[in-house]
Amino acid sequence: MGCEDLLSSYLTSEIVNMVLFCKSREAEVKRINKELANIRSKFKGDKTLDGYQKKKYVCKLLFIFLLGHDIDFGHMEAVNLLSSNKYTEKQIGYLFISVLVGASSELMKLVIQSIKNDLMSRNPVHINLALHCMANIGSREMADALGQEIPKLLVSGDTIDAVKQSAALTLLRLLRASPDVIPMGEWTSRIIHLLNDQHMGVVTSATSLIEALVKKNPEEYKGCVSLAVSRLSRIVTSSYTDLQDYTYYFVPAPWLSVKLLRLLQNYPPPEDPSVRTRLTECLETILNKAQEPPKSKKVQHSNAKNAVLFEAINLIIHMDSDPNLLVRACNQLGQFLQHKETNLRYLALESMCLLATSEFSHEAVKKHQDTVITALKTERDVSVRQRAVDLLYAMCDRSNAEEIVGEMLEYLETADYSIREEMVLKVAILAEKYAVDYTWYVDVILNLIRIAGDYVSEEVWYRVIQIVINRDDVQGYAAKTVFEALQAPACHENMVKVGGYILGEFGNLIAGDPRSSPTVQFQLLHSKYHLCSPNTRGLLLSTYIKFINLFPEIKHNIQEVLRSDNNLRNPDVELQQRAIEYLQLSTVASADVLATVLEEMPPFPERESSILAKLKKKKPTVADPTENKDHKMPAPQVSGGNDGPALQMPITPPAGGSADLLGLEAQPSAPAAASASSAAFLVDVFGDSAQPTSNGLDPLGLTPGAEENVKKFVCKNNGVLYENDLVQIGVKSEYRQNLARIGVFYGNKTSLQHSGVSSRICLKLPVFVNKFIEPAEMNAEAFFQRWKALSSPGQECQKIFKACFPQDTEQSKQKLLGFGVSILEGIDPNPDNFVSCGILHTRNQQIGCLVRLEPNRQAECVQPRTQWLRQYAHCWKASFEAASKTMKHLLSRTNGREDCGQMTKCKECVDEAWYVSDQAKPAFRRGDGCQKGEFIMVVI
């Protein structure tokens with residue numbers, strides 16, 4: 001019975017009619033005020049009011065309050081009604097208290113005492129009234145005073161079923177309001193066994209309570225799993241005639257089934273085989289019933305039936321252990337994708353997004369790709385289209401990436417504005433993660449900017465620049481493609497930013513074509529200059545100064561632009577400063593200084609993709625579709641949109657003690673000096689000899705874990721060299737021909753200052769021979785002519801080894817490229833063989849290196865052969881063996897689980913760079929006491 005119905009049963013028709021028939025608001029207020037004055041006089045003047053009269057007047061006050069008028073008296077009279085033994089009087093009193101008395105009222109202590117008295121009584125009606133009042137108010141004070149009484153009522157054998165239901169729901173209300181004030185340890189097993197109660201109403205209420213308790217302390221209530229499975233089995237296998245009182249449109253106890261299925265989602269699959277088998281049978285039965293013809297055409301029947309079905313599918317996804325159930329669930333959801341009911345299509349798409357993340361059902365989800373694409377294009381409801389985008393993102397892998405990205409790009413042109421930004425992020429992520437050919441990735445990002453430039457965030461165009469800079473094989477194509485894109489009559493400003501940056505770095509790669517000569521490139525970019533914002537103009541000015549270094553022949557044209565009043569007297573301080581400084585730099589500096597200041601951007605270090613980070617921030621529940629499925633590319637974070645090619649994009653480390661401490665912008669600080677000598681650590685890094693362990697060091701004399709970390713730098717220049725709970729030590733290095741520069745710096749990972757505590761950390765600097773190798777190109781005739789000319793024993797090294805994993809052609813190529821040599825296509829008559837060459841730069845001369853890699857796919861063996869054009873001092877005799885050994889381990893461990901091209905799991909390393917390049921010595925930062933930079937010692 002509703003509050004209004006209850007009041008109307010007690011109120012006289014006089015006041016109701018008087019209010020209902022008032023012709024104006026003023027007349028109603030006048031009538032209400034007159035009635036309030038009458039009630040106030042009765043409460044104050046008439047001391048002989050009996051319970052009926054008090055109930056009547058309190059009821060009138062409640063009615064007036066519900067009409068929207070303030071009530072500032074009558075509360076004490078309502079509290080007095082709580083002590084009455086008559087049901088109607090007590091009911092009105094509790095109703096008034098529930099509606100008009102707040103948790104902070106001074107009368108709350110009296111109310112609590114009255115509730116306690118009713119809870120102690122043997123009248124179940126009074127107990128229920130008290131419980132309902134507690135559930136409505138649910139204050140902390142009530143929980144403190146009465147929290148011990150409710151569990152007693154709930155588990156008592158003398159309590160009737162109706163009171164148990166109310167007690168369970170009241171306890172749930174108090175638990176939500178004050179989870180820490182109700183001790184449940186002693187009642188745990190008895191509350192769990194309420195799932196076996198004969199009364200379905202008690203089981204339903206108890207299930208809601210147990211689910212809340214499980215979320216608070218799952219381990220304590222794990223015994224509920226077997227009981228929940230048992231109760232669910234009885235419901236699922238029963239006929240709708242068996243549970244007539246709890247059957248809803250031919251579906252037995254649907255809401256209890258939903259609650260039990262949700263309860264089971266708080267735990268992993270049952271370990272007990274019998275319980276697990278029984279649960280599997282329940283889920284199979286639910287899936288089977290979904291295939292049966294409906295017993296009623298009414299929507300209530302389908303709603304109840306589908307509610308149980310979708311919750312069962314959620315449990316199947318949560319368990320993620322039975323391939324058969326997962327595939328059946330996927331097939332069932334696939335039937336709903338074309339259902340006429342919009343809500344069902346929405347729920348099916350949402351559930352399939354979760355199924356797509358399972359290794360067992362991912363392929364089954366992909367079978368519905370065409371249906372999902374059709375839904376994306378034809379659905380009228382934008383929320384359904386949003387779920388379709390999410391599902392395409394989740395089901396994408398390397399086999400269907402190009403098709404899905406193409407469809408999403410096509411739809412993006414007509415997509416709703418509310419989902420365009422998220423679609424742009426997802427397309428950018430998929431294109432990056434699954435790009436086999438990075439020219440395709442460049443095309444996708446440029447198309448994104450063309451189609452939805454306003455929704456392409458800075459993270460997206462930063463990212464494409466990072467990837468182009470990090471990958472030499474795509475730089476020329478990117479420059480050519482962005483040049484062509486800039487020729488469009490209408491060009492988005494983000495395209496101008498990307499074009500300015502890439503042409504400023506790699507415009508020289510396409511300058512040989514008269515159609516993209518230096519003058520044409522400059523004129524094309526400058527034609528967009530007046531249409532751009534100040535930030536983009538600043539970037540273009542940086543591009544112009546880069547052009548002076550790349551194309552000296554157009555220096556005069558660029559200086560004229562820099563001298564123009566629009567730049568030198570620009571009201572924007574940043575543009576004015578850039579124009580003045582760049583003009584002065586181009587006028588005063590020599591060619592060598594310009595080449596040094598305006599050198600190419602170095603490769604960016606490895607970081608999590610900033611695009612994926614933004615998508616996770618925008619949508620916290622989103623999952624990385626490529627996690628554990630494909631390799632990840634280096635993903636540095638980039639900040640700042642004003643810096644053009646002339647200035648390196650700063651990568652600012654986030655604040656906090658546990659953050660990544662390798663910021664590119666920060667000046668690395670030299671590690672603190674250590675007094676111990678490390679001369680004993682100078683060992684043959686190419687041999688297998690080991691030093692004896694001492695003072696907690698490993699056999700090589702290094703801090704445990706350091707040897708494994710240094711191997712990660714065989715094919716990367718920047719990263720974390722050593723890390724523990726207290727400190728993170730990073731390395732940032734740069735190599736050019738025979739020159740090297742390395743910075744070693746560390747950061748405190750804790751929030752405290754370390755004083756009086758020292759820690760000795762012995763590390764090896766990650767400097768390897770291959771860092772000084774540059775790839776070279778030659779034709780087949782030149783390659784074999786030089787190969788045959790090298791016959792001296794000291795000029796060739798050959799190894800045969802067995803691959804640890806199935807051989808992958810593309811990943812083997814990436815390993816060779818990462819090692820510093822080129823890939824020469826069409827050289828070897830055997831297409832399975834790899835042919836590479838490179839040039840090792842030393843201070844005095846250049847040494848050529850020829851490599852042939854001959855895989856034997858039947859025997860899973862690999863034979864690398866390395867030849868040096870010239871023997872360069874006795875120290876290289878060991879290097880031949882070591883270089884081959886390193887390449888052996890790089891290539892033998894090629895598999896789909898490694899980061900392609902990064903070699904983070906190499907088992908051998910080469911570290912003889914000090915013998916290679918003496919000129920590099922002064923550029924290295926090393927701690928005092930370290931010899932030849934082999935080791936660094938940090939004292940905290």
Decide salt bridge (charged side-chain N to carboxylate O under 4.0 Å, His left out) for Glu459 and Arg463; before the verdict, give the C-alpha distance in whole Å, the side-chain angles of both, and the deciding distance to 0.1 Å. CA-CA 6 Å; Glu459 288 81 2; Arg463 187 70 185 128; over 6 Å; no
Which heavy-atom pair separates Phe336 from Ala348 by the least distance, and what is that distance? CB-CB, 3.6 Å
Point-to-point distance, once rounded to the nearest 0.5 Å, from CD1 of Ile449 to CH2 of Trp461: 9.0 Å
In terms of heavy-atom contacts, does CD of Gln487 have more than 12 from other residues, nucleotides or ligands at under 6.0 Å? yes
Does some side-chain heavy atom of Phe483 sit less than 4.5 Å from a side-chain heavy atom of Val520? yes
Exercise: identify the closest heavy-atom pair between Ala452 and Leu412: CB-CD2, 3.9 Å
By side chain to side chain contact (heavy atoms under 4.5 Å, CB included), Glu553 pairs with (sequence neighbours left out) Pro518, Phe551
In sequence, state the C-alpha distance, the side-chain angles, and the governing distance for Asp390 and Gln386, and then conclude on side chain to side chain donor-acceptor pair (under 3.5 Å). CA-CA 6 Å; Asp390 293 342; Gln386 172 69 72; 3.2 Å; yes
What one should report as the nearest heavy-atom pair of Leu486 and Val496 is CD2-CA, 3.9 Å
I need the full list of salt bridge (charged side-chain N to carboxylate O under 4.0 Å, His left out) pairs touching residues 333-354, with sequence neighbours left out, sorted by first then second residue. Arg345-Glu379
Over all atoms of both residues, closest heavy-atom pair of Leu503 and Ala479: CD2-O, 3.8 Å
Taking Ser586 for its side chain and Leu583 for its backbone only, find out whether a donor-acceptor pair lies under 3.5 Å. yes
Quick check: does any side chain N or O of Gln466 sit under 3.5 Å from a backbone N or O of Phe604, one acting as donor and the other as acceptor? no
So CG of Asp473 and OG of Ser822: to nearest 0.5 Å the spacing works out to 12.5 Å
Verify, without hydrogens or angle tests, whether Glu505 (side chain) and Glu600 (backbone) share a donor-acceptor contact under 3.5 angstrom. no
Has Ser527 got a side-chain atom pairing as donor or acceptor with Leu524's backbone, closer than 3.5 angstrom? yes
So, do Met495 and Lys528 sit near enough that their side-chain heavy atoms are less than 4.5 Å apart? no
Exam field: side chain Gln521 to backbone Ser516, donor-acceptor pair closer than 3.5 Å: yes
Output, in order, the C-alpha distance, side-chain angles, deciding distance and verdict of side chain to side chain donor-acceptor pair (under 3.5 Å) for Tyr462 and Ser457. CA-CA 9 Å; Tyr462 285 168; Ser457 61; over 6 Å; no
So salt bridge (charged side-chain N to carboxylate O under 4.0 Å, His left out) across residues 361-375, not counting sequence neighbours, yields Glu363-Lys366, Lys366-Asp397
So does Glu413 get a backbone contact from the side chain of Arg420, meaning a donor-acceptor N/O pair under 3.5 Å? yes
Please enumerate all residues that pass side chain to side chain contact (heavy atoms under 4.5 Å, CB included) together with Asp381, with sequence neighbours excluded. Thr342, Ser383, Val384
Would you please test Leu376 and Val372 for side chain to side chain contact (heavy atoms under 4.5 Å, CB included) and show each step? CA-CA 6 Å; Leu376 178 65; Val372 178; 5.7 Å; no
Could you walk me through whether Leu598 and Leu550 satisfy the side chain to side chain contact (heavy atoms under 4.5 Å, CB included) test, starting with their C-alpha distance in whole Å, then the side-chain angles of each, then the deciding distance to 0.1 Å, before giving a yes or no? CA-CA 9 Å; Leu598 304 176; Leu550 293 177; over 6 Å; no
So, Asp572 side chain and Glu574 main chain: donor-acceptor pair closer than 3.5 Å or not? yes
Does any N or O in the side chain of Ser358 come within less than 3.5 Å of the main-chain N or O of Leu355, such that one atom is a donor and the other an acceptor? no
Gln475 side, atom CD; Asn470 side, atom CG - distance, nearest 0.5 Å: 9.0 Å
If you measure from the Lys or Arg side-chain nitrogens to the Asp or Glu carboxylate oxygens, is any gap between Lys480 and Glu484 under 4.0 Å? yes
Passes side chain to side chain contact (heavy atoms under 4.5 Å, CB included), Glu410 versus Lys377? Steps please. CA-CA 10 Å; Glu410 181 182 345; Lys377 297 178 179 179; 4.0 Å; yes
Considering residues at least two apart in sequence or located in another chain, which fulfil the side chain to side chain contact (heavy atoms under 4.5 Å, CB included) criterion with Ala428? Ile445, Leu448, Val460, Ile611
Answer yes if the side chains of Asn557 and Glu560 hold a donor-acceptor pair under 3.5 Å, and no otherwise. no
Identify the two heavy atoms, one from Ile554 and one from Phe547, that lie closest to each other, and give their separation to 0.1 Å. CD1-CB, 4.1 Å
Gap separating the CD1 atom of Ile510 from the OG atom of Ser517, nearest 0.5 angstrom: 9.5 Å
If you apply the rule side chain to side chain contact (heavy atoms under 4.5 Å, CB included), what do you find for Tyr582 with Ile548, and how did you get there? CA-CA 10 Å; Tyr582 290 164; Ile548 291 180; over 6 Å; no
Closest non-hydrogen atom pair, Leu540 against Cys532: CD1-SG, 4.5 Å
Are any of the side-chain heavy atoms of Tyr477 and Asp443 separated by less than 4.5 Å? yes
Can you name the residues that form a side chain to side chain contact (heavy atoms under 4.5 Å, CB included) with Ser564, not counting sequence neighbours? Asn566, Asn567
Kindly compute the distance separating CZ (Arg387) from CG (Leu337), expressed to the nearest 0.5 Å. 13.5 Å
To the nearest 0.5 Å, how far apart are CG in Leu349 and SG in Cys353? 7.0 Å
Side-chain contact, heavy-atom cut-off 4.5 Å: Ile545 with Leu541? no
If the plane angle is over 60° it's perpendicular, under 30° parallel, otherwise tilted; pick one for Tyr544 and Tyr529. tilted
Donor-acceptor pair, Glu407 side chain versus Ile373 backbone, under 3.5 Å? no
So do the side chains of Val327 and Asn331 get within less than 4.5 Å of each other, counting heavy atoms only? yes
With a 4.5 Å limit on heavy-atom distance, are the side chains of Leu853 and Ser836 in contact? no
Flag side-chain contact, heavy atom, 4.5 Å: Val405 against Tyr434: no
Does some side-chain heavy atom of Ile404 sit less than 4.5 Å from a side-chain heavy atom of Met395? yes
Judged by atom type as modelled, is there a donor-acceptor pair below 3.5 Å linking the side chain of His362 to the main-chain atoms of Ala356? yes
